[in-house]
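Here the structure comes first, spelled out in structure tokens, and everything after it is commentary.
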Amino acid sequence: QVQLVESGGGLVQSGGSLRLSCAASGRTFSNYAMGWFRQAPGKEREFVAGISRNGGNEYYADSVKGRFTTSRDNAKNTVYLQMNSLKPEDTAAYYCAAVDSRFTNFDYTKARNLRTYKYWGQGTQVTVSS
């Protein structure tokens with residue numbers, strides 16, 4: 001079992017920045033590829049970013065490419081999502097998710113698929129005002 005706890009959300013003006021963190025516990029963090037998703041009210045949960053076990057591969061949705069960066073610190077059991085140039089349409093609850101990827105390939109197709117992930121956090125709210 002892996003427990004994931006997101007933090008760092010809040011209210012920010014358009015053009016501002018936030019850094020989300022997702023702290024993991026329970027299993028060997030470096031076994032897990034991580035993903036970030038978001039869900040706005042009335043909309044489906046959508047892929048934002050993904051990162052491989054060792055951080056060597058990162059994947060992004062087109063809507064955030066060039067503005068968001070994901071990274072991880074396996075020594076701290078934490079994955080991050082740095083969000084710059086925020087827009088009102090980035091307003092959503094943001095979730096991190098984990099999947100054991102020691103024995104499977106973690107590519108863009110896998111990263112963007114909600115069904116890839118076994119463990120999910122409770123989410124943190126990001127609100128961008130115009």
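All residue numbers refer to positions in the sequence shown, counting from 1.
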Query raised in the report: Could you go step by step and tell me if Lys65 and Asp62 meet the salt bridge (charged side-chain N to carboxylate O under 4.0 Å, His left out) rule?
Result: CA-CA 5 Å; Lys65 203 171 291 182; Asp62 288 343; 3.2 Å; yes
So do the side chains of [X] and [Y] get within less than 4.5 Å of each other, counting heavy atoms only?
{"X": "Thr70", "Y": "Tyr80", "result": "no"}
{"X": "Val126", "Y": "Val128", "result": "yes"}
{"X": "Ser7", "Y": "Thr124", "result": "no"}
{"X": "Tyr94", "Y": "Val48", "result": "yes"}

Nearest 0.5 Å, what's the [atom1]-[atom2] distance between [X] and [Y]?
{"X": "Arg27", "Y": "Asn77", "atom1": "CZ", "atom2": "CG", "value": "13.5 Å"}
{"X": "Ser129", "Y": "Leu86", "atom1": "OG", "atom2": "CG", "value": "10.0 Å"}
{"X": "Cys96", "Y": "Tyr32", "atom1": "SG", "atom2": "OH", "value": "13.0 Å"}
{"X": "Glu6", "Y": "Leu20", "atom1": "CD", "atom2": "CG", "value": "8.5 Å"}
{"X": "Met34", "Y": "Cys22", "atom1": "CE", "atom2": "SG", "value": "4.0 Å"}
{"X": "Arg67", "Y": "Asn84", "atom1": "CZ", "atom2": "CG", "value": "9.0 Å"}

Linking I/L/V/M/F/W/Y whenever any side-chain heavy atoms sit under 4.5 Å apart, do [X] and [Y] land together?
{"X": "Tyr119", "Y": "Ile51", "value": "yes"}
{"X": "Leu81", "Y": "Phe29", "value": "yes"}
{"X": "Val99", "Y": "Trp120", "value": "yes"}
{"X": "Met83", "Y": "Val64", "value": "yes"}

**Report entry** Exam field: side chain Ser63 to backbone Ala61, donor-acceptor pair closer than 3.5 Å
**Finding:** no
On a heavy-atom basis, which atom in [X] and which in [Y] lie closest, and how many Å separate them?
{"X": "Gln125", "Y": "Thr127", "value": "NE2-OG1, 3.5 Å"}
{"X": "Gly8", "Y": "Leu18", "value": "O-CD2, 3.8 Å"}
{"X": "Ala92", "Y": "Ala40", "value": "CB-N, 3.8 Å"}
{"X": "Gly50", "Y": "Ala111", "value": "CA-CB, 4.5 Å"}
{"X": "Ala33", "Y": "Arg72", "value": "CA-NH1, 4.0 Å"}
{"X": "Ala98", "Y": "Leu4", "value": "N-CD1, 3.8 Å"}

Query - Over 12 foreign heavy atoms within 6.0 Å of CD, Gln3 - result: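 Yes.
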**Report entry** Phe37 and Tyr117: CA distance, side-chain angles, deciding distance, ring-ring contact (aromatic ring centres under 6.0 Å, His included) verdict
**Finding:** CA-CA 11 Å; Phe37 289 78; Tyr117 301 90; 5.3 Å; yes
Query raised in the report: Should the pair Asp107-Lys110 be classified as a salt bridge under the 4.0 Å nitrogen-to-oxygen rule?
Result: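 Salt bridge flag = no for Lys110 with Asp107.
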Query raised in the report: Is any side-chain N of the basic residue among Arg53 and Asp100 closer than 4.0 Å to the acidic one's carboxylate O?
Result: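 Salt bridge between Arg53 and Asp100, a charged N being under 4.0 Å from a carboxylate O: no.
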Query raised in the report: Should the pair Arg45 and Tyr95 be classed as cation-pi, given the thresholds of under 6.0 Å to the six-membered ring centre and 45° from the axis?
Result: yes
Query raised in the report: Just checking, any donor-acceptor pair under 3.5 angstrom between side chains of Asp73 and Ser71?
Result: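 No, no side-chain donor-acceptor contact under 3.5 Å.
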Report task. Verify whether the ring centers belonging to Phe68 and Trp36 lie closer than 6.0 Å. Result -> no
Requested in this report: Would you please indicate if the ring centroids of Tyr60 and Tyr108 are separated by under 6.0 Å?
Outcome: no
Query raised in the report: Can Gln39 and Glu46 be said to form a side chain to side chain contact (heavy atoms under 4.5 Å, CB included), step by step?
Result: CA-CA 6 Å; Gln39 188 167 17; Glu46 66 174 6; over 6 Å; no
